[in-house]
Enquirer: 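Before we start, here is the structure in question, set down as C-alpha cells.
The shown structure was predicted, so the numbers you read here are calculated from the model rather than taken from an experiment.
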Amino acid sequence: MDTKQRSAFSSKIGFVLAAASSAVGLGNLWRFPYLAAKYGGGIFLLTYVILAVTFGFALLLAEIAIGRKTRQSSIGAFRKLGQKSNICGILGMIIPMIITPYYCTIGGWVTKYFAVFLTGQNMEAANDGFFSSYISTTAQPILWMAVFLGITAVVVFLGVDKGIEKASVILMPVLLALIVIIAVYVVTRPDAAAGLLYYLKPDVSRLSGKMILGALGQLFYSLSIAMGIMVTYGSYMKKEDNLETSVFQIEFFDSFVAILAGMIIVPSVYIFSGGDESMLNAGPGLMFITLPKVFDAFPGGRIIGLMFFALTLFAALTSSISLLEAVVSNVMDRTGWRRTKTTVVMTVYCMIIGTVCSLGYGAFSSFKIFGMSILDLLDFVSNSILMPVLALLTCIFVGYIIKPQAVIEEVEQNNVTFHLKKFFYVLIRYLCPIGILAILVSSILSSMGAMTI
Ligand code: TRP
C-alpha cells in the first residue's frame with residue numbers, strides 16, 4: 001500500500017467495514033467451523049469467545065493504535081517506535097508468505113463449488129464422496145486454484161483493490177444476512193437438537209492445551225492480527241474516530257460471522273450426515289461436504305447455495321487480495337524490486353506452493369509430515385506457532401518497550417474516554433504474554449509427550 005499518501009477512510013463505519021471485510025474470509029466460513037467440530041464444539045466456542053474479548057481485544061487495539069499513531073505500515077511503524085531488532089518485521093513477512101499459497105488452494109475449492117452451483121451440478125455435490133474424489137484428482141483443483149489466484153493477482157497487479165473494498169462494504173452485510181437465513185433454517189430442523197447441543201454446550205472433558213492453542217491461532221487468523229496487517233489498516237484510520245468502539249465493532253462482526261457459520265455447519269453434520277460423528281473430524285473439507293447437503297434440503301437451495309458460494313468467493317478474494325498485497329509490499333521493501341516484477345514472482349511462487357498443497361490430497365497424499373497433509377502443516381506452522389510467537393513479541397514490545405501508555409494516549413486522542421484502559425494495561429503487559437507463552441509451551445510439551453503434533 002502507498003505509505004506516502006494516506007487517505008483516511010471517509011466515514012467512521014467505513015473504517016470498521018473495511019477492516020471487517022479484510023478480516024471476514026475463509027477463516028470465518030471455512031476454518032472456524034471445522035476447528036469447532038474437531039475440538040469438541042461448545043468448549044471450543046467458549047474458549048474462542050473468552051480469548052476474543054481479552055487477547056483479541058488487546059492485540060487488535062494495539063495494532064490499530066500503532067498504525068494510526070505512526071501512519072506507517074508494520075515494518076516502518078515498529079521501526080519508528082524504536083524497535084531495533086528485525087524479528088517482528090521478518091515474521092510479519094514470513095507469515096503471509098506461508099498463508100497466501102494455501103489460502104488460494106482453498107479459494108480454488110470455493111471457486112469450484114461456485115461453478116458447481118452455477119452449472120446445476122449441486123445435487124451431485126450433495127452425495128457422499130463428491131468432495132473427497134474431487135480433491136484427489138490432479139488437474140481440476142489446480143486449475144480452479146489458478147483461476148482464484150489469477151483474479152487475486154490481477155487485482156493486486158492493477159492496484160484496484162480500493163474498488164474491491166468499496167464493493168465489499170455492500171456485499172459483506174448481504175453475506176451476513178444470507179448466513180443468518182441459512183442458520184435459522186438449520187437450527188429449526190426437527191433433528192437439530194443433538195448438533196446444537198454439541199456446538200453450544202461446553203464439555204470440559206475436551207479441554208486441552210492443543211484445543212486452546214487451536215482457538216488462539218484461529219482468533220489471530222480470523223482477525224488478521226499477529227502479522228502486521230491491522231497496523232496498515234490503522235494507519236488509514238482518522239484521528240477523530242473512536243478506536244475502542246471500532247475495535248469492538250470489528251471483533252463483533254468477525255466473531256458473529258464465524259459463530260453463525262459454525263452454527264450452520266456443525267449441526268449439519270448431525271442432521272444431514274446420518275449422525276456420522278466421525279464427520280466432525282473431517283478437517284479442511286467439512287464445509288464442502290456438509291453445505292451442499294444443507295442446500296439440497298433447503299427450498300430453492302440451488303439459488304441460495306449459488307448466492308452463498310458467490311459471496312463466500314468474494315469474501316475469500318478480498319482476503320487473498322490483501323494477503324498477496326502484504327506479501328508483495330513486504331518483498332518490494334526488502335528487495336527494492338519494482339511492483340510489476342514482485343507481483344509476477346510472488347504469483348508464480350504462490351502457484352507452485354499452492355499446487356503442492358493441492359496435490360497433497362491427491363498424488364502426494366501418502367506424504368505426511370507429523371501425520372499432517374502439506375496444507376495442514378503450513379496452516380499449523382503459521383497459525384499455531386508463528387502467529388502466537390509474533391503476538392507474544394508484540395505484547396512485549398507494546399507492554400515493555402514503547403509502554404502501554406503510548407497506545408492509551410493514541411486511544412484518548414481528542415479527549416475520547418478509554419473505558420477499558422486498566423483492563424487493556426493488565427492484558428497487554430501481563431495476561432496476554434504470560435497466557436500465550438503458557439499455551440505455546442503446554443501444547444509443545446503435550447505434543448512431544450504424544451510424539452505427534
Ligand atoms: N482473516 C482472514 C480470514 O478470516 C485471513 C487472513 C489472515 C487475512 N491474515 C490476513 C486476510 C491478512 C487479509 C489480510 O479469512
Side-chain angles (χ1 to χ4, degrees), residues 1-29 60 63-64 67-68 71-73 96 100 103-104 107 110-111 114 147-180 222-225 227-243 245-254 256-258 306-329 339 343 347:
M1 280 188 205
D2 188 353
T3 46
K4 286 184 205 90
Q5 280 185 315
R6 298 231 159 228
S7 56
F9 289 102
S10 46
S11 65
K12 189 164 156 191
I13 198 71
F15 169 75
V16 170
L17 277 174
S21 60
S22 156
V24 172
L26 294 175
N28 310 61
L29 304 163
L60 186 57
E63 285 200 19
I64 295 180
R68 193 174 75 171
R71 291 266 175 250
Q72 305 238 351
S73 50
T100 315
Y103 204 88
C104 291
V110 175
T111 319
F114 169 67
V147 172
F148 183 88
L149 175 58
I151 301 173
T152 305
V154 166
V155 173
V156 172
F157 190 81
L158 299 176
V160 290
D161 36 335
K162 285 282 163 289
I164 305 279
E165 219 158 64
K166 286 209 185 89
S168 72
V169 167
I170 300 164
L171 291 177
M172 281 303 124
V174 180
L175 174 64
L176 185 65
L178 192 63
I179 293 176
V180 170
S222 187
L223 288 173
S224 316
I225 49 180
M227 49 192 284
I229 300 241
M230 281 296 161
V231 177
T232 311
Y233 269 87
S235 72
Y236 292 102
M237 188 187 191
K238 280 206 225 150
K239 291 279 183 197
E240 302 85 88
D241 285 358
N242 187 321
L243 235 154
T245 322
S246 303
V247 166
F248 276 130
Q249 288 167 345
I250 297 167
E251 274 211 288
F252 182 78
F253 193 79
D254 189 72
F256 194 63
V257 173
L306 181 63
M307 279 168 65
F308 177 85
F309 279 107
L311 290 164
T312 303
L313 179 58
F314 182 80
L317 278 169
T318 57
S319 292
S320 67
I321 290 162
S322 50
L323 277 164
L324 185 63
E325 174 64 45
V327 172
V328 168
S329 55
R339 188 174 185 87
T343 311
T347 304

Enquirer: Does the side chain of Q249 come within less than 4.5 Å of L17's, by heavy atoms?
Expert: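 No, every pair of side-chain atoms sits at 4.5 Å or beyond.
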Enquirer: Residues in side-chain hydrogen bond (donor to acceptor under 3.5 Å, both in side chains) with S21, at least two apart?
Expert: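 With sequence neighbours excluded, S21 shows a side-chain hydrogen bond (donor to acceptor under 3.5 Å, both in side chains) to S168, given in chain and number order.
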Enquirer: Who are the side chain to side chain contact (heavy atoms under 4.5 Å, CB included) partners of L313, not counting sequence neighbours?
Expert: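 L313: side chain to side chain contact (heavy atoms under 4.5 Å, CB included) contacts with V110, T111, F114, F148, L317.
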Enquirer: When rounded to the nearest 0.5 angstrom, what is the spacing between CZ in F308 and CG in L29?
Expert: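 Those atoms lie 5.0 Å apart.
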Enquirer: V155: what forms a side chain to side chain contact (heavy atoms under 4.5 Å, CB included) with it, not counting sequence neighbours?
Expert: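 Counting only residues at least two positions away or on another chain, V155 forms a side chain to side chain contact (heavy atoms under 4.5 Å, CB included) with V160, D161, I164, I321.
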Enquirer: List for me each residue that meets salt bridge (charged side-chain N to carboxylate O under 4.0 Å, His left out) alongside K239, sequence neighbours excluded, and say none if there are none.
Expert: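 Partners of K239 under the salt bridge (charged side-chain N to carboxylate O under 4.0 Å, His left out) test: E410.
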Enquirer: Do L60 and M230 pass the side-chain contact (heavy atoms from CB on, under 4.5 Å) test, and can you show the C-alpha distance, the side-chain angles, and the key distance before you say yes or no?
Expert: CA-CA 7 Å; L60 186 57; M230 281 296 161; 3.7 Å; yes
Enquirer: Have a look at S224 and tell me which of S319, P96, S322, S22 forms a side chain to side chain contact (heavy atoms under 4.5 Å, CB included) with it.
Expert: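 When side chain to side chain contact (heavy atoms under 4.5 Å, CB included) is applied between S224 and each of S319, P96, S322, S22, only S22 qualifies.
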Enquirer: How long is the straight-line distance from CE of M307 back to OG1 of T312, given to the nearest 0.5 Å?
Expert: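 Going from OG1 on T312 over to CE on M307, the span is 11.0 Å.
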Enquirer: Between D254 and E251, is there a donor-acceptor pair closer than 3.5 Å when you use the side chain of the first and the backbone of the second?
Expert: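 Answer holds: no.
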Enquirer: Any side-chain heavy atom of V16 sitting closer than 4.5 Å to one from T245?
Expert: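 A side-chain contact under 4.5 Å is absent here.
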Enquirer: If we ignore angles and hydrogens, is there a donor and acceptor under 3.5 Å between the side chains of S246 and D241?
Expert: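 There is no such pair between these side chains.
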Enquirer: State whether E63 and R68 are salt-bridged, where the test is any N-O pair (Lys NZ or Arg NE/NH1/NH2 against Asp/Glu carboxylate O) under 4.0 Å.
Expert: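 Here E63 does not pair with R68 in a salt bridge, since their nearest N and O are not under 4.0 Å apart.
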Enquirer: Please report the interatomic distance CD1(I64) to OH(Y236), rounded to the nearest 0.5 Å.
Expert: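 Here the rounded value is 14.0 Å.
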Enquirer: Could you list the residues that satisfy side-chain hydrogen bond (donor to acceptor under 3.5 Å, both in side chains) with S320, not counting sequence neighbours?
Expert: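 For S320 the side-chain hydrogen bond (donor to acceptor under 3.5 Å, both in side chains) partners, ignoring immediate neighbours, are T152.
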Enquirer: For L26, does its backbone N or O pair with a side-chain atom of Y103 as donor and acceptor, under 3.5 Å?
Expert: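 Pair found, side chain donor or acceptor close to backbone of L26.
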Enquirer: Do F256 and F252 have their ring centres less than 6.0 Å from each other?
Expert: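 Yes, the ring of F256 comes within the 6.0 Å limit of the ring of F252, centre to centre.
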Enquirer: If you look only at distance, which donor and acceptor atoms sit under 3.5 Å apart when one is on a side chain in residues 171-180 and the other is two or more places apart or in another chain?
Expert:
none

Enquirer: According to side chain to side chain contact (heavy atoms under 4.5 Å, CB included), who are the partners of F157, at least two apart in sequence or on a separate chain?
Expert: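 Checked F157 against side chain to side chain contact (heavy atoms under 4.5 Å, CB included); matches are T340, T343, V344.
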